[in-house]
Amino acid sequence: MGNELREHRLRNLRRLQELGYEPYGEAFSRTGNLGLVCARPEGDEVRIAGRMVSRREMGGSIFAHLQDASGRLQIYLKRDQVGTDAFSAFRILDLGDIIGVEGQLFVTRTGEKTVKVSSWRLLSKSLLPLPEKWHGLQDVEIRYRRRYLDIISNPGVADVFTARSRILRRVRQVLDSEGYQEVETPILQPMAGGAAARPFRTHCEALGRALYLRIAPELYLKRLLVAGFDRVYELSRNFRNEGISRQHNPEFTMLELYEAYADVNRMKVMAQMIVVECARELHGEAKVRLHGGGVLDLSPPWPEIPFRELVWQVAGDDWFTLSVEEARRRAESLGLTVPAEWGRSEITQEIFEKLVERRLMRPTFVTSLPADLVPLAKCSANDPETADVFELVIGGMEIAPAYSELNDPLEQRRRFEQQCGGDASRVDEDFLNALEYGMPPAGGMGIGIDRLTMILTGADSIREVILFPLLRSGSDR
RNA sequence: GAGCCGGUAGCUCAGUCGGUAGAGCACGGGCCUUUUAAGCCUGGGGUCGUGGGUUCGAUUCCCACCCGGCUCACCA
């Protein structure tokens, strides 16, 4: 079927080989990438390389564009200039072939900087046709499965991933400047703690036992607080065996940071610093221009609103004082589905997630969550019903939860046991043991890097900021 | 996991109220020595997601499945 095009390219490969062109060449020293070379003055002799993405033949002359990560540059071949053999061989090339070129920079009649080719070499023969030059690659499935094609043919996609890379670098710079040390803790864990998601399970042959891919690094990082590390962070992959959506990929990148002798208020400062610095890194200011034409202003200070008040505003009552029955009745009258086993906190949280969160566009610290929703956080000194935490919401998405970390081992045990519903095997005894040696009071935070990247690049799906998002195994078409 | 929508040439898309399909780009042949979505002439290219069913006949109608998107559920 489509093999016809491939067969033809294979024939071209052999023809070029017969003419002495090695189809998969070796290193080629360049004057610079195409962007840099394009900035050089007319008359310069240059060596460039790239993928040929367009070609216009006109008898004795050929125009073509080479493309690399920095952009495109036009080249120009004249039969009288390169010689009949090199000229004819060039005509055997296919779009997508990667070539190296030597020549002189000039400017065409229409004002485009161009390399007048004196010689060229084949560096890599392409056997498959590229997507269409004008519309690019539209098929979302192929865009994700074959991201390389997406990046070759859709301008702007590479920029998103460059932005992501700059965010990661800037995050590390900020943390470094604040005296944080980067650490690496286990991804393969005997029990998956630190959050309440369903883990991926795997098996260790050497130990003959089940292991889990981590759902959060939290409990290990806190062990390091016990160890005496003052300020630590980990920036790496978490895995949650849950549903996939525009905001969820089963593997995602999380920054978690912990600072001894600090609390949730210090984390507010860190959150603002990190988000604003990343925005400045990408946009030069603490603002993001949205596709719709609006502007998302990230300038601090960000408002702090207690969870209780937000729910009150939207759902019209002080839900912290309602009975469970009353809360359920009201939630259902607001159109929500409420499982029978839910308590007041869960119902109230449902109100928050369904009716409040997605409306919070500007960065907002939602504070004082019900304590039973955050078993790893310390309760407020002045209200044991609520925890000393915030949930940072930007663009209607949870970006970062932060706590004054619970360091009371007895209280932590109570919370775990309450949470695990009698299943003692789900309590991380080793972690509790560590706490019993004494963990300094600390502030901690997790920042979802994928979602932060979405906010800062204007992406409306997490798949747009993950190079190879998880998909079902493909019908490879 | 559920609901809705979708899958037609390498790519971007049209189309068939049931009679096995078209365009543009890409590809082949021809012309053209400063073009740029080059142009002009011409040719080839399809298991219409997969498998069943209904029918004289299915790409079209029905069912199941696969894959994707969206929404929901799940994700303290």
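Here is how names work: the chains are called A, B, and so on, in the same order as the sequence lines, proteins then strands, and each is numbered from 1.
Ring orientation note: the planes of A:Trp120 and A:Phe90 are nearly perpendicular, at an angle over 60° on the 30°/60° scale. Relative ring orientation between A:Phe239 and A:Phe200 is described as perpendicular, the plane-to-plane angle rising above 60° on a 0-90° scale split at 30° and 60°.
Pair assignment for B:C31 gives B:G39, based on Watson-Crick or G-U wobble hydrogen-bonding distances that are each under 3.5 Å. B:G18: no Watson-Crick or G-U partner with both key distances under 3.5 Å is found in any strand. Pairing for B:A2 is with B:U71, a Watson-Crick or G-U wobble pair whose two hydrogen-bonding atom distances lie under 3.5 Å.
For the P atoms, the distance linking B:G43 with B:G3 amounts to 50 Å, nearest Å. The C1' atoms of B:G49 and B:G44 are separated by 25 Å, rounded to the nearest whole Å. The gap from the C1' atom of B:A37 to that of B:A23 amounts to 16 Å, rounded to the nearest Å. The P atoms of B:G10 and B:U55 are separated by 34 Å, rounded to the nearest whole Å. B:U8 and B:A2 are spaced 29 Å apart, taking the C1' atom of each and rounding to whole Å. Between the P atoms of B:A64 and B:C5, the separation comes to 13 Å (whole Å).
Phosphate proximity of B:U35 to A:Lys116: absent, as no side-chain N or O sits under 4.0 Å from OP1 or OP2. Taking side-chain N and O atoms only, A:Arg472 has a distance below 4.0 Å to OP1 or OP2 of B:C67. Checking the phosphate oxygens (OP1, OP2) of B:C32, no side-chain nitrogen or oxygen of A:Arg56 falls inside 4.0 Å.
Here B:U33 is the nucleotide among B:A37, B:U34, B:U33 with the atom lying nearest to any side-chain atom of A:Lys78. The side chain of A:Ala197 approaches B:C75 more closely than any other nucleotide in the set B:U33, B:C75, B:U35. Side-chain proximity of A:Trp342 to the nucleotides B:G69, B:C74, B:A37 is greatest for B:C74.
Under 3.5 Å, the side chains of A:Thr185 and A:Glu234 contain a donor-acceptor pair of N or O atoms. Remark: the A:Thr31 side chain and the A:Arg40 side chain contain no N/O donor-acceptor pair separated by less than 3.5 Å.
For A:Ser61 against B:U34, no side-chain N or O and base N or O form a donor-acceptor pair under 3.5 Å. A:Gln419 contributes a side-chain N or O that forms a donor-acceptor pair with the base of B:A76 under 3.5 Å.
Residue A:Glu385 qualifies as open at atom CD: its count of foreign heavy atoms under 6.0 Å is 12 or below.
Tested against A:Lys222, the residues A:Glu256, A:Glu405, A:Glu259 include a single salt bridge (charged side-chain N to carboxylate O under 4.0 Å, His left out) partner, A:Glu405.
If you check every strand for non-hydrogen atoms under 4.0 Å, A:Ala195 touches a base. If you check every strand for non-hydrogen atoms under 4.0 Å, A:Glu112 touches a base.
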Per-nucleotide protein contact string for nucleotides 26-31 of chain B, where B marks a base within reach and S marks sugar-phosphate only (heavy atoms under 4.0 Å, - for neither): SSS---
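When the C1' atom of B:C74 is taken as reference, atom CD of A:Gln349 falls 13 Å away, rounded to whole Å. Look at CG on A:Asn154: it is 20 Å from P on B:C25, rounded to the nearest Å.
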